[in-house]
Amino acid sequence: MELPSQYNAKDVEDKIYKLWEESGFFNPDNLPINKIRNSKLKIRNFCIIMPPANANGNLHAGHALVMTIEDIMTRYKRMRGFKTLWLPGLDHAGFETQVVYEKKLEKEGRSRFQIEPEQLYKEIFEFTENNKKNIKNHVKKMGASCDWSREKFTLDKDIIKVVYETFEKLKKDKLVYRGKKIINWCPKHQTSLSDLETSDTEKTDKFYYLKYGPFTIATARPETKFGDKYVVMHPKDKRYKDYTHGQKIELEWINGKITATIIKDEAIDIDFGTGVMTITPWHDATDFEIAERHNLDKEQIIDFYGKLLPIAEEFSGMKILEARAKIIEKLQSKGLVEKIEENYKHIVKTCYKCNSLIEPQIKEQWFLKMKPLAAPAIKAIEKNQIKFIPSHYKKIAMHWLKNIIDWNISRQIVWGIPIPGDEEGQVFDTWFSSGQWPYATLKTTGKNDFKTFFPTDVMETGGDIIFFWVSRMIMLSLYTTKKIPFKNVYLHGMVLDAKGQKMSKSKGNVINPLELAEKYGADALRMGLVVGNTPGTSLPLDENKIKGYRNFANKIWNASRFVLQQTAEVSLRGGSEATDVAIQSNRLPRRSAPRNDRLTKKDKRILNDFKKQAKEITKDMDNYRFYSAAEKIYHYFWHTFCDKIIEDSKKGEVSQATLLEILTDCLKILHPFMPFITEEIYQQLPPPAGGKKQKCLMIEKWIL
RNA sequence: GGACGAGUAGCUCAAUGGUCAGAGCACUGCAUUCACAUUGCAGGGGUUACAGGUUCGAAUCCUGUCCCGUCCACCA
């Protein structure tokens, strides 16, 4: 067969993916392993649950990395004879998706608040349905060998059923409660957020020193101060030893005379400012805690849209910033402003999506009691039942679990799983459902998968969601199934641009992985993503690097072309006759080639050396050192096989059989990394004599 | 403030206490009908951040210092 002198990924990839899909071998039930392994040999299972991609956009570089690493693991284990399942899925991604959709609405001049909830839900549902199709195609472009017959979506009816069962169980065990507690409120998105969904932003504001009776208090937020009727100081502060806890004082405040109560509490920092502050329990987490401790009144000053309530009297209905200036004017006219510090730098909480200032509010919400849920997780991790790769993530996870606080799981958006039996418009935090993903998926495939594959083998995901997702999966799984959800956690770093900068739309340095795959081939992109990428560290993605692996693909192509031309009639143990035919039908080798059934010392040395390399690489694969395995096989193939062995074969020093054997084995090792090109070449290899070729390289046996 | 990580060739990274610290990219010189120019051959490039210590032996272990990064918690 004539092969072109350049490898053209575009002509090959879709065709090969179709071949795999039609073979049915993505589905573990169809793997020949089930027929070969009889009762004497235990069937070994291997399972990865794909982190469900958010159904609200396209595949980005981070996804491409996930697909690459997980596909490498999956293909490797499949070739090692494991009954291998990689279960794909998509996430409705509650708040994230709603934010994306709201931006779309904004562009169309519409607003979520003008649309009936049912209609909005329907629209977002259609939006995600479209995205799901796109993402699925993108995942296929990357070569992912996942079992599409088991694909899941977080809003599938059976998944929701599992989520509800867990919620009911939590309720029964009194681990979930409704509480009027202080929560993070985003005034733009009109929902509460968990503590993980806020960011810290440094802000420069004016800092006001106000006279509060005999005290001076300092604040950056005078607009919250209307209801302040408690003045707090440290019990050990000698400056205020003459004041006693509970003592009442009369004083002139923003809108006239008020009665204030002295509170002594250790939360006060003696050295900060004057050591005295007034509290606003409705709009500040620390103040809320002080109020809880002393059973103090709490009053709402600002509404959920960021406007002052009637308690502010003449300022009622004003927006925060407008009110702030006017209040200070009034206080100044009353002589209650001692001084104003101009450039006061402080950290404020913002919504991690829109950067709006978070307004803490007291609101009735659903909370999960986390301490009892965290305890078994801490125990399991301590006992190393779950292995972290890289290992230092163990410490990070433990630190968080040991300092865990209750989790607000209710959101006031339409896009999500409704919280049952609650008021309208309340849905679960999306992580409450994805936190159950490993068992929710395996329990709902309609097969015996939970029994077969749970706990799963590897959870591979980004290190940045170790708290959001990984830790919560461990806790919820131990709670619901009494089992850990996975034995290993492999955490990759972030994909950065070529200069090592974080990709962002505003910087305009976002790399689209599909464009790179289109230009250089998915195999080249995969190599570019995996070589030099140690777990846990971020990876700068350089187009030149991918170009280099495109060249490598071409090298593989041409080396294979050469070997196939040389050995057209030779099989691995084809006998001397076949070799002679090969010699006559080709220009090379010039001198008498060694008979391939009688290997020379050089052949043996080459084969032994290869075996050594293969062993090293296998060890790397078993220890999740894919960066190292990929580099080794790259180096071996190019600089040993091509530059030395093939060159020596031209001089007649290496037999054709050896060439073919090493080529075949190299293709096997390369397959998990570069599945398309290796499969394409495998399809054209002659079958080994006395043996049969498999339908695809994908299910060939690993070299050892 | 706390936690975690990193500092090795121009760049990105390996090196599991044990040869002369290695790869890829980049760079320099040479080669060109040869499977492949998306190529081949040859080459330059290192005080492993710094200072001590442990050891027969340290990039690796310990202590300290200096930078860099990430995360968490925060002062009204």
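Chain naming here is simple, since letters A, B, ... match the order of the sequence lines and numbering starts at 1 in each.
Comment: A:Asp609 does not engage A:Lys612 in a salt bridge, judged by the lack of any side-chain N to carboxylate O separation of less than 4.0 angstrom. Ion pairing between A:Glu543 and A:Lys519 holds under the 4.0 Å rule for side-chain N and carboxylate O. Salt bridge status for A:Glu223 with A:Arg324: present, with a side-chain N to carboxylate O gap under 4.0 Å.
When ring centroids are compared, A:Phe552 and A:Tyr634 come within the 6.0 Å threshold. Two rings, from A:Tyr344 and A:Phe207, have their centers less than 6.0 Å apart.
For the pair A:His346 and B:C75, the criterion of a side-chain N or O lying under 4.0 Å from OP1 or OP2 is not met. In this structure, A:Tyr627 does not reach the B:U12 phosphate: none of its side-chain N or O atoms is under 4.0 Å from OP1 or OP2. For A:Lys402 and B:A3, the shortest distance from a side-chain N or O to OP1 or OP2 is not below 4.0 Å. Between A:Thr286 and B:C75 there is a side-chain N or O to OP1 or OP2 distance below 4.0 Å. Taking only side-chain nitrogens and oxygens, A:Tyr352 never comes nearer than 4.0 Å to OP1 or OP2 of B:C71. For A:Lys499 and B:U12, the shortest distance from a side-chain N or O to OP1 or OP2 is not below 4.0 Å. Between B:C71 and A:His399, no contact under 4.0 Å exists linking OP1 or OP2 to a side-chain N or O. Between A:Lys555 and the phosphate of B:G40, there is a side-chain N or O to OP1/OP2 separation shorter than 4.0 Å. Contact annotation: A:Thr280 does not reach the phosphate of B:A76 (side-chain N/O to OP1 or OP2, under 4.0 Å). Distances shown here put every side-chain N or O of A:His392 at or beyond 4.0 Å from the OP1 or OP2 atom of B:U70.
Judged by atom type and distance alone, A:Lys650 reaches the base of B:A35 through a side-chain donor-acceptor pair under 3.5 Å. Between the side chain of A:Glu647 and the base of B:A35, at least one donor-acceptor pair of N or O atoms lies under 3.5 Å.
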### Task
Evaluate the criterion side-chain hydrogen bond (donor to acceptor under 3.5 Å, both in side chains) for residue pair A:Ser194 and A:Asn408; output intermediate values, then yes/no.
CA-CA 6 Å; A:Ser194 78; A:Asn408 174 4; over 6 Å; no

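As rounded to whole Å, 17 Å separates atom C1' of B:A76 from atom CD of A:Glu266. The nearest whole Å value for the distance from the CD atom in A:Glu631 to the P atom in B:A14 is 10 Å. When the C1' atom of B:C74 is taken as reference, atom CD of A:Glu202 falls 13 Å away, rounded to whole Å. At whole-Å resolution of the value, CZ in A:Phe272 and P in B:A76 are 5 Å apart. The nearest whole Å value for the distance from the NZ atom in A:Lys349 to the C1' atom in B:C75 is 15 Å. Residue A:Lys632 contributes atom NZ, which lies 14 Å from atom P of B:A14 at whole-angstrom precision. Atom CG in A:Asn184 sits about 10 Å away from atom P in B:C74, given to the nearest Å. Separating the CG atom of A:Asn551 from the P atom of B:C25 is a distance of 9 Å, rounded to the nearest angstrom.
Comparing A:Asp271 and A:Thr534 by the nucleotide of RNA chain B that holds the closest heavy atom to each, the one mapping nearer the 5' end is A:Thr534.
A:Gly528 comes within 4.0 angstrom of nothing in the nucleic acid, heavy atoms only. Residue A:His283 is classed as having no contact, given no heavy-atom separation below 4.0 Å to the nucleic acid. Residue contacts for A:Thr219: at a heavy-atom cut-off of 4.0 Å it reaches the sugar-phosphate backbone alone, with no base atom in range. Within 4.0 Å of A:Phe467, counting heavy atoms only, lie sugar-phosphate atoms of the nucleic acid but no base atom.
A gap of 23 Å separates the C1' atoms of B:A59 and B:C25, to the nearest Å.
More than 12 heavy atoms of other residues, nucleotides or ligands sit less than 6.0 Å from atom NZ of A:Lys264.
Nucleotide B:C67 carries an anti base; the chi torsion (O4'-C1'-N9-C4 or O4'-C1'-N1-C2) is more than 90° from 0.
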